[in-house]
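Down below is the structure, laid out as structure tokens.
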Amino acid sequence: MSIALVIMITGALVGASCAIVGTFLVLRRMSMMGDAISHSVLLGIVAVFFFTGSRSPILAVLGAGAVGLLTVSLVELIYRTGRVKEDAAIGLVFPALFSIGVILVSRFPSAVHIDVDHVLYGEITFVAFDRLTLFGVDAGYRSFWLLGAMTIVNALFVLLFFKELKLATFDRGFAAALGFAPTVIHYALMALVSATTVVAFDSVGAILVVAMLIVPAAAAYLLTDRLLVMLGLAVAIGSGSAIGGYWLARWIDGSIAAAMAVVAGVVFVACFLFAPRHGLVARYVQLFTVRRAFARSLLLSHLRLHPGGVSMETIGERFLWSRRMTSNVVTAAVQDGLVTDSPARRLTLTKLGSVQAQQVPGH
Amino acid sequence: MMMVELGVSSPLAAVVAVLGLEWSYTLRNVVAGAAVLGVVGGVLGSFATLRRQSLLGDTLAHAALPGVCIAYIITGSRESLPLMIGAGLSGLVGTLFYLLITRTTRIKDDAGLGIVLSTGFGLGLLLLTYVQNTGGSGQSGLDRFLFGQAASLVRNDVITMSILGAIALATVVLLFKEFKLLSFDPDFAASIGYPTTMLTILITALLIVAVVIGLQAVGVILVVAILIAPASAARQWTDQLSTMLVLSGLFGAVSGAIGAILSSQITDLPTGPAVVLIATTLTAISLLAAPRRGLLWAAISRRRHRQRVQLASILHDLADAAAGEAGAVIPLTDLQAKRGVPGRLMTRQLAMLASRGLVARSINGREGWSLTAAGAEATAEASRRERVWKQYMARQMDLPVDAIHYDATEIERVLPPEALAMIEAELRAEDAAAIGRASDVVAGPPRRPSRPTARPGQAP
């Protein structure tokens, strides 16, 4: 398998596994908690290396998972004292844990097997050289096994507990009332976010993983109102951005992980502008359409009350419309055969116009 | 001479000398730069945390990275001013984009922050690696913007930082009243005609200035800590905004200076993480030990309050059982049955009351306790206070008498003497009326709500 293909598949798996849990972070308004976890798991990874000397991914996942949950609990603990607001509590905890991790990495790079660049960019270029050996047999690329397993675990969790997750996300109180234990769901999700971050760490580093967690999910959120569809779209956008990022990075000769984040950002901006219902353009079109429809209703009702005909000027003055607005509204109505413009410049309703005028609400 | 110019006081030089360090040119710059950052970050971070926007600082710091790289690509200069301008502009663009996506779509604040933060940082890293891969080795100087490298600060950097910081602080001083109102009650500020949109833009711009100052010293990833930690620490020590700003600036400067000194002396200790850990330690100490708000103090005062309530309840029980008479002996077992607390705890509490001369122990066959004259008086006084308090609350606060549970022992602190006198007169009139009715009708109305409802000094 070519190196490029291995990197792209690895990236796509990162995108998929992150997007699944990221969807719930975005919906539960916990994106910044995801940011905090992704920073602080560095400490978990480093601490496991530092104290056990082992490079076992299982241990790293466990250690980082523990630190991830520690982050969440610390934030909640500090916030619950009432001395510090929630956003500040997040901003107190993760820089501290991350700092300890960075200091360990900078001071003892050989003891922890990673350096600062690894923390920032990951080392996705090396995944093609990292093969897993099981019982003395070459079993393929390590990244495929790890990320593939993580993606499957995340997907299974979401599918098996879909109902619970959905309810706990959209109506926590009701979920608790029905006995769905939203707190357990919450911590399980946080544990999965931590584990996913660790597994993605080698590919994209500790910070860019936030882009993979949040950005595809947010883009998908603009495209659909259905949870399952949103999950599917987020996975597609995440994987697609990873693959696109590889080519972008090759093109401009930069970091692959960073390029993945940038492509995800570009996809988000595209969705932000052009999403069918929630995009900026669509919203302006909606606004424009509603305004025009309302203006036409006003025009028709007004003409219905004045069967003798009304001049364009009077209408403009009556509704405080600009000359251009008046002319646009009247021209469109004339074109649709609702209003006739008599030679004396007086507007009256056509037959079709009277029928429509009767349907205007409020008359 | 240069020391004076850089505004670094000689006591600091003395401290450094005690630590056995040479007060060198580099160290001076490092300490001065970190201290400037700490002051500005601490002051502006206070407003950010009060306005619940502290993570915006994180986002715009990350979003500033592309600007640093673009400024470098355009100017080819490693001078700090152009890079800082690039950082500021790019942070501003990031903030505007955050506002745009959160105001015009269904994307919420947290996701908006996360999106701008992560894509901004991704773009910055992509440009950084592009610069490093295409240019020579000299370009790697941009690395210092990631985790901060206070040791790389030269005198010109410090002067630029100080001027920017002075402008930011002067703006805060000039517009103190406006910023204060904006932070605590923006709706009211708007209603009395303050230009709140302009003020919000200005205060955000100042936050960008603080972040930009911090980039070289602490780095984009951790600069948020210098905004949040000193402000959160300072908040624990005071309720006054002005004091909080001063303290926060002080904490920031101390963390910055100490972190910078440590990082310049210990190899491979990046400045950012060092500063952050010191600032976090200060915050942890403040959260635990600050007077009044500190968690330790709160635990102590909760304990004291609980004890006071329990002691008052025992006195109350004794008085009830003895119909208020001093000297009437009540068996210990009766008291215990009433209160339902472990026997040893009750014995200890009774002993405490005895040591204050309020109750007396008598063993006459079996153990019993009685109120002393002083105890009877104190109990009567306590129930008088409780009644006054309830009356006041019911009148002035429109609360039903049964809903009022409040520590009545501090009533004189709350009510002026005239009000006390007035309410007492009212109560006497009520009592007289009640006695009058009681003599008319055979059974008088109960003068006190039946037992389990209100009791002196139950916390609300």
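A, B, ... follow the sequence lines: proteins, then strands. Residue 1 opens every chain. Bear in mind the structure is a predicted one, so any value in this text is a computation, not a measurement.
Judged by distance alone, with hydrogens and angles left aside, the side-chain atoms of Asp110(B) form no donor-acceptor pair with the main-chain N or O of Met32(A) at under 3.5 Å. At least one donor-acceptor pair under 3.5 Å links the side chain of Arg107(A) to the backbone N or O of Thr267(B). Side chain of Arg283(A) to main chain of Thr104(B): a donor-acceptor pair is present (N/O by atom type, distance under 3.5 Å, no hydrogens or angles).
Here the straight-line distance linking atom OG1 of Thr105(B) with atom CZ of Phe272(A) works out to 6.5 Å at 0.5 Å rounding. Taken to the nearest 0.5 Å, the CZ atom of Phe121(B) stands 10.5 Å off from the CG atom of Asp35(A). Here the OG1 atom belonging to Thr81(A) is positioned 8.5 Å from the CZ atom belonging to Arg293(B), to the nearest 0.5 angstrom. Atom CG of Leu92(A) and atom CG of Leu287(B) lie 7.0 Å apart (nearest 0.5 Å). Here Ile252(A) contributes atom CD1 and Leu126(B) contributes atom CG; the two are 3.5 Å apart, rounded to the nearest 0.5 Å.
Proximity to chain A (any heavy atom under 4.5 Å) is shown, for Thr49(B), by both the backbone and the side chain. Looking at Leu213(A), neither its backbone nor its side chain comes within 4.5 Å of chain B, counting heavy atoms on both sides. In this structure, the portion of Leu222(B) lying under 4.5 Å from any heavy atom of chain A is its side chain and not its backbone. The parts of Ile101(B) that come within reach of chain A are both its backbone and its side chain, each placing non-hydrogen atoms under 4.5 angstrom from that chain. Contact of Leu127(B) with chain A is not made at all, since no heavy-atom distance falls under 4.5 Å. Only the backbone of Met30(A) has a heavy atom closer than 4.5 Å to any heavy atom of chain B. Only the side chain of Phe268(A) comes within contact range of chain B, judged by heavy atoms closer than 4.5 Å. If you measure heavy-atom distances from Phe108(A) to chain B, you find no contacts under 4.5 Å at all. Contact of Leu227(B) with chain A is not made at all, since no heavy-atom distance falls under 4.5 Å.
Between chain A and the residues Ile115(B), Leu50(B), Val224(B), the largest count of heavy-atom pairs under 4.5 Å involves Ile115(B). The greatest number of non-hydrogen atom pairs below 4.5 Å with chain A, out of Gly294(B), Ser232(B), Pro273(B), is found for Pro273(B). Of the listed residues Leu269(B), Leu295(B), Asp268(B), the one with more heavy-atom pairs under 4.5 angstrom with chain A than any other is Asp268(B). When each of Leu100(B), Thr59(B), Val116(B) is checked for heavy-atom pairs under 4.5 Å with chain A, Leu100(B) comes out on top. Counting heavy-atom pairs closer than 4.5 Å to chain B, the top residue among Lys85(A), Met33(A), Met260(A) is Lys85(A). Contact tally against chain A (heavy-atom pairs below 4.5 Å) for Thr280(B), Leu55(B), Thr119(B), Ile221(B): the top residue is Leu55(B). Contacts with chain B were tallied for Asp253(A), Ile214(A), Val263(A), Ile256(A); Asp253(A) has the most, counting heavy-atom pairs under 4.5 Å.
In plain terms, the two heavy atoms of Ala96(A) and Leu277(B) that are nearest each other are O-CD2, 3.5 Å. The two atoms that bring Gly122(B) and Leu208(A) nearest to each other are CA-CD2, 3.5 Å, heavy atoms only. Scanning both residues, Thr129(B) and Gly254(A), for their nearest heavy atoms gives OG1-CA, 3.3 Å. Taking both residues in full, the closest heavy atoms of Arg83(A) and Gln236(B) are given as O-NE2, 3.3 Å, listed atom of the first, atom of the second, then distance. Here the closest non-hydrogen pair linking Ile228(B) and Gly91(A) is CD1-CA, 3.5 Å.
Using a 4.5 Å cut-off on side-chain heavy atoms (C-beta onward), Leu113(B) and Ser31(A) make no contact. In this structure, Phe147(B) and Ile103(A) have side chains that are not in contact, with every pair of non-hydrogen atoms separated by 4.5 Å or more. Looking only at side-chain heavy atoms (C-beta outward), Ile107(B) and Val26(A) stay at 4.5 Å or farther from each other.
With respect to the salt-bridge test (charged N to carboxylate O, under 4.0 angstrom), the residues Asp225(A) and Arg106(B) qualify.
A donor and an acceptor atom, one from each side chain of Ser54(B) and Asp87(A), are located under 3.5 Å apart.
Atom CZ of Phe170(A) sits in a crowded spot, with more than 12 heavy atoms from other residues, nucleotides or ligands closer than 6.0 Å.
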